[in-house]
Amino acid sequence: MIDKIKALAAQFKSDIIEVRRHIHAHPELSFEEYETSEYIKQQLSAMGIPYKDGYVKTGIVAHIEGKNPDSKTIALRADIDALPIKEDSSLDFCSKNDGVMHACGHDVHTASLLGAAKILNELKDNFEGRVKLIFQPGEERLPGGASLMIKEGALENPSASKIIGQHVYPDLPAGKVGFRPGMYMASADEIYVTVKGKGGHAALPHKCIDPILIASNIIVSLQQVISRNAKPDIPAVLSFGNIQGHGATNIIPDEVKIQGTFRTMNEDMRFDLHAKMKKMAESIAEGMGGSCDFDIRVGYPFLVNDESITERSILAAKDYLGEDNVVPLDLRMTAEDFAYYSQIMPGCFYRLGVNTDNMEYEYGLHNSKFLVNENALETGMGLMAYLTLQELAH
């Protein structure tokens, strides 16, 4: 079976590269992936794979049925949205949509899943069960397309018993993959703070309530909330990436806006620290004569890989790629809305190497110069097909 899959992956490689390039050239933002959705449906129709569309407007669920299809259903997921980044590259298939770019590899995820579908469709007389293909919108934006797909029944009719997903990983060369059983990625919440004071002349601070000074104290103190309350064995990160005061050298503004992210890997601690941060910020603002609106938008939960599926997938990946091409992964404080699936059903989310030794590939995810080694597509579609067959047979 490995030889059959590898032969099909090699045979379909050029077609899937073209699929990836088309998607890359026509990126669309979260929940606006209308052309991408139409293109995916065209590809599925060309393969003769039935699908249902309209999930969260642009989401698609397709099915490949083997023998005795009701015996077991395995779900495979790819995200289809892009980022609000202006691409900086000279590629022939550079983004045609100004200010939008597949800088997180979702074009590779979608193309790989279509490639895996092409392989599995060719082999449907060789396996028992059903494969559910989930093409999901809106991974990059709260509340996360995964949560909405679940609410709209994407995992039902028929119900899937397990789910598998992959994500590009520029830290690994093409041809290699990485796995981590158990806890893998953090929850992710967005923090929006508005500190209100009283503006005026910067030379007369006694007549003002300085929101910049208040905001500075809040930022420093919130870091102490995390460092002094987070449990030592549970990672937690608080980072602020945006501060807007709109004053000047001699102007104290009326208010300051701060935006940040809070991430951890324990739900009880997560919400306990939400309350502590809010109380601290409001108390500091009040104590300094101002006020503070502290808004926490609860984002994706932590992502946990099912131990059994992931251990089996590691062994299967070593059979398929060779032991040297399968590596262990460290915990990551980044987040993924695949976590919503992993919270309600056994799942495995692994990493697909897309790098080369060529320095032009040095730019990471969410960078305007991010590139991938397209040889990874052959690995991505072939391995996903093989892992699926292994789980169907288990």
Side-chain angles (χ1 to χ4, degrees), residues 1-17 19-20 47 49 62-69 71-78 108-134 160-169 172-181 305-329 338 346-354 374-394:
M1 185 55 70
I2 287 177
D3 290 340
K4 286 182 181 179
I5 292 174
K6 285 187 174 181
L8 289 170
Q11 178 184 336
F12 299 147
K13 178 181 176 181
S14 60
D15 291 340
I16 297 304
I17 286 176
V19 167
R20 181 256 165 172
M47 293 183 238
I49 297 175
H63 293 103
I64 301 171
E65 294 189 348
K67 297 177 292 185
N68 190 19
S71 61
K72 184 180 288 187
T73 299
I74 304 294
L76 307 178
R77 174 270 203 171
V108 175
H109 306 165
T110 302
S112 290
L113 183 52
L114 285 168
K118 202 171 177 70
I119 293 169
L120 291 167
N121 201 42
E122 289 284 328
L123 298 174
K124 61 186 177 184
D125 293 334
N126 296 83
F127 66 83
E128 291 196 0
R130 180 187 289 106
V131 182
K132 183 187 287 276
L133 312 169
I134 298 175
S161 60
K162 307 167 187 176
I163 189 165
I164 297 172
Q166 67 177 356
H167 196 296
V168 297
Y169 195 46
L172 277 181
K176 292 181 179 289
V177 294
F179 291 85
R180 184 181 181 87
N305 280 322
D306 180 81
E307 299 269 355
S308 298
I309 295 176
T310 306
E311 292 291 357
R312 286 195 299 272
S313 295
I314 290 170
L315 293 175
K318 288 178 178 179
D319 287 342
Y320 188 83
L321 296 173
E323 190 162 347
D324 291 343
N325 290 318
V326 182
V327 303
L329 297 172
F338 187 90
C348 175
F349 189 72
Y350 65 94
R351 292 283 173 163
L352 176 69
V354 294
E374 292 182 319
N375 290 323
L377 288 160
E378 185 175 353
T379 303
M381 64 172 134
L383 179 61
M384 180 168 270
Y386 185 61
L387 295 182
T388 305
L389 294 184
Q390 291 295 101
E391 282 306 307
L392 285 171
H394 181 75

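Start at 1 with the first residue, then count along the sequence. Quantities reported herein were computed from a predicted structural model and do not represent experimental measurements.
The shortest distance between side-chain heavy atoms of N305 and F179 does not fall below 4.5 Å. Within the 4.5 Å cutoff, the side chain of I119 has heavy atoms near those of the M381 side chain. Within the 4.5 Å cutoff, the side chain of L120 has heavy atoms near those of the L389 side chain. Using a 4.5 Å cut-off on side-chain heavy atoms (C-beta onward), N325 and Y320 make no contact. Contact of the Y169 side chain with the L352 side chain is not registered, since no non-hydrogen atoms from C-beta on lie closer than 4.5 Å. L123 is listed as a side-chain neighbour of I5, based on a closest heavy-atom distance under 4.5 Å. Put simply, the side chain of I164 does not reach to within 4.5 Å of the side chain of F349, judged on heavy atoms. Residues T310 and C348 are in side-chain contact: their nearest non-hydrogen atoms beyond the backbone lie under 4.5 Å apart.
Between atom CD1 of residue I309 and atom NE2 of residue H394 there is a gap of 8.5 Å, rounded to the nearest 0.5 Å. For the atom pair CD1 (I74) and CD (E391), the distance works out to 5.5 Å, reported to the nearest 0.5 Å. Distance check, rounded to the nearest 0.5 Å: CD1 of I64 to CE of M47 gives 7.5 Å. Of the inter-residue distances, the one linking T379 atom OG1 with Q166 atom CD reads 9.5 Å to the nearest 0.5 angstrom. Atom CD1 of I49 and atom CG of N121 lie 4.0 Å apart (nearest 0.5 Å). The CG atom of L383 lies 8.0 Å from the OG atom of S313; values are rounded to the nearest 0.5 Å.
For the side chain to side chain contact (heavy atoms under 4.5 Å, CB included) test with Y350, the passing option among M384, H167, R180 is M384; the others fail. For the side chain to side chain contact (heavy atoms under 4.5 Å, CB included) with V177, the qualifying choice from L329, V327, L321, I314 is L321, the only one to do so.
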Report task. List the steps and the verdict of side chain to side chain contact (heavy atoms under 4.5 Å, CB included) for V131 and L392. Result -> CA-CA 9 Å; V131 182; L392 285 171; 4.0 Å; yes
Report task. For I17 and V19, run side chain to side chain contact (heavy atoms under 4.5 Å, CB included): C-alpha distance rounded to whole Å, both residues' side-chain angles, the deciding distance at 0.1 Å, then the answer. Result -> CA-CA 5 Å; I17 286 176; V19 167; over 6 Å; no
Requested in this report: Verify side chain to side chain contact (heavy atoms under 4.5 Å, CB included) between F338 and R77, making sure each step is shown before the conclusion.
Outcome: CA-CA 8 Å; F338 187 90; R77 174 270 203 171; 4.0 Å; yes
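Within the structure, every pair that satisfies the salt bridge (Lys or Arg N to Asp or Glu O under 4.0 Å) test and touches residues 111-132, not counting sequence neighbours, is listed here: E65-R130, D70-R130. Within the structure, salt bridge (Lys or Arg N to Asp or Glu O under 4.0 Å) pairs that include any residue of residues 3-14 comprise K13-E378 (at least two apart or interchain).
Within 6.0 Å of CD on E323 lie no more than 12 heavy atoms contributed by other residues, nucleotides or ligands.
Taking every heavy atom of both residues into account, I134 and A75 meet most closely at CD1-CB, 4.1 Å. Taking every heavy atom of both residues into account, A111 and I16 meet most closely at O-CG2, 3.3 Å. Counting all heavy atoms, side chain and backbone alike, G353 lies closest to A376 at O-CB, 3.3 Å.
Judged by distance alone, with hydrogens and angles left aside, the side-chain atoms of H109 form a donor-acceptor pair with the main-chain N or O of V168 at under 3.5 Å. Between the side chain of S71 and the main chain of N68, a donor-acceptor pair closer than 3.5 Å is present.
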